[in-house]
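So the structure is just underneath, and the comments pick up after that.
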Amino acid sequence: FDYGGVLAPSASSSISKYPNKDRIKQLFYEPELLIGGKGTLQRFLDNEYKDLHISSEEILSIFDTRERYEETWDIAYKLKQNGLEVGLISDCFYELAQRTRSDEVTRLFNPLILSPEVKFSKRDKKMFEYARDLVKDNPNQLVMIDDNVNCLDKALEDGEDPELLRNEIN
């Protein structure tokens, strides 16, 4: 599963109150931000995106206000109860990855693959090769569920069976 857009609304829906929302969205898709380590978000806010006049805590609060999609979480729980491995792949920045590792998320999703920890994003076929290598049983039966067709294309290139759910992005 993908986190933003499938298990919870994408951040795009949470930033509508900001007058510079398009610029904030642009920040979220910076390739270096998605694979950078601690402090990468602040560096972007201090330099390339200083025109936003927004703090890293305010950026994180955009994600904290999202409510999860209960029906999708229910599907994930049912799959796990039926003996299937249920994993999570997410493109996020380092500080958000730390918040994603809540007890509830780590109990349900294994493997939990976060872009700043593995140093590549879902826009890179390597992400799906990595996921497949982590799955011990039946790696040829992986299904990727995402809300972004661009990420699904990379899963398809790697031989996965991608499913589009809630096409909220593009």
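Computed from a predicted model, the values in this text were never measured in an experiment. The first residue in the sequence is number 1, and the count goes up from there.
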Can you tell me how far apart [atom1] ([X]) and [atom2] ([Y]) are? Round to the nearest 0.5 Å.
X: Leu114; Y: Arg101; atom1: CG; atom2: CZ; result: 5.0 Å
X: Ile15; Y: Glu58; atom1: CD1; atom2: CD; result: 11.5 Å
X: Leu45; Y: Glu57; atom1: CG; atom2: CD; result: 11.0 Å
X: Ser16; Y: Ile24; atom1: OG; atom2: CD1; result: 10.0 Å
X: Phe128; Y: Ile89; atom1: CZ; atom2: CD1; result: 5.0 Å

Do [X] and [Y] share a hydrophobic cluster (ILVMFWY, side-chain heavy atoms under 4.5 Å, transitive)?
X: Ile35; Y: Leu134; answer: no
X: Leu60; Y: Leu34; answer: no
X: Tyr94; Y: Ile54; answer: no
X: Leu33; Y: Ile59; answer: yes

- Task: Measure across Lys80 and Arg107 and return the closest heavy-atom pair with its distance rounded to 0.1 Å.
- Result: NZ-O, 3.5 Å

Find out whether [X] and [Y] are in side-chain contact, i.e. whether some heavy atom of one side chain is under 4.5 Å from a heavy atom of the other.
X: Asn20; Y: Asp51; result: no
X: Asp91; Y: Met127; result: yes
X: Phe63; Y: Arg99; result: no
X: Tyr29; Y: Arg123; result: yes

- Message: For a side chain to side chain contact (heavy atoms under 4.5 Å, CB included) check, start with the C-alpha distance between Phe44 and Glu32, then their side-chain angles and the critical distance, and finish with the verdict.
- Response: CA-CA 9 Å; Phe44 270 101; Glu32 187 182 338; 4.0 Å; yes

- Query: Does any N or O in the side chain of Glu95 come within less than 3.5 Å of the main-chain N or O of Gly39, such that one atom is a donor and the other an acceptor?
  - Reply: yes

- Just by modelled atom types, is the Cys92 backbone N or O under 3.5 Å from a matching donor or acceptor in the Ser115 side chain? yes

- Task: Report the relative orientation of the aromatic rings in Phe93 and Phe28; use parallel for angles under 30°, tilted for 30 to 60°, perpendicular for over 60°.
- Result: parallel

- Trp73 ring center near Phe1 ring center (under 6.0 Å): no

- Query: Salt bridge check: are Glu70 and Arg68 linked by an N-O gap of less than 4.0 Å?
  - Reply: yes

- Query: Is it true that Glu85 and Arg132 have a side-chain N and a carboxylate O under 4.0 angstrom from each other?
  - Reply: no

- Stepwise, does the side chain to side chain contact (heavy atoms under 4.5 Å, CB included) test hold for Thr100 with Phe109? CA-CA 11 Å; Thr100 301; Phe109 298 101; over 6 Å; no

- Could you tell me whether Lys126 atom NZ has more than 12 heavy atoms of other residues or ligands within 6.0 Å of it? no

- Take atom NZ in Lys119; do more than 12 heavy atoms of anything else shown fall under 6.0 Å from it? yes

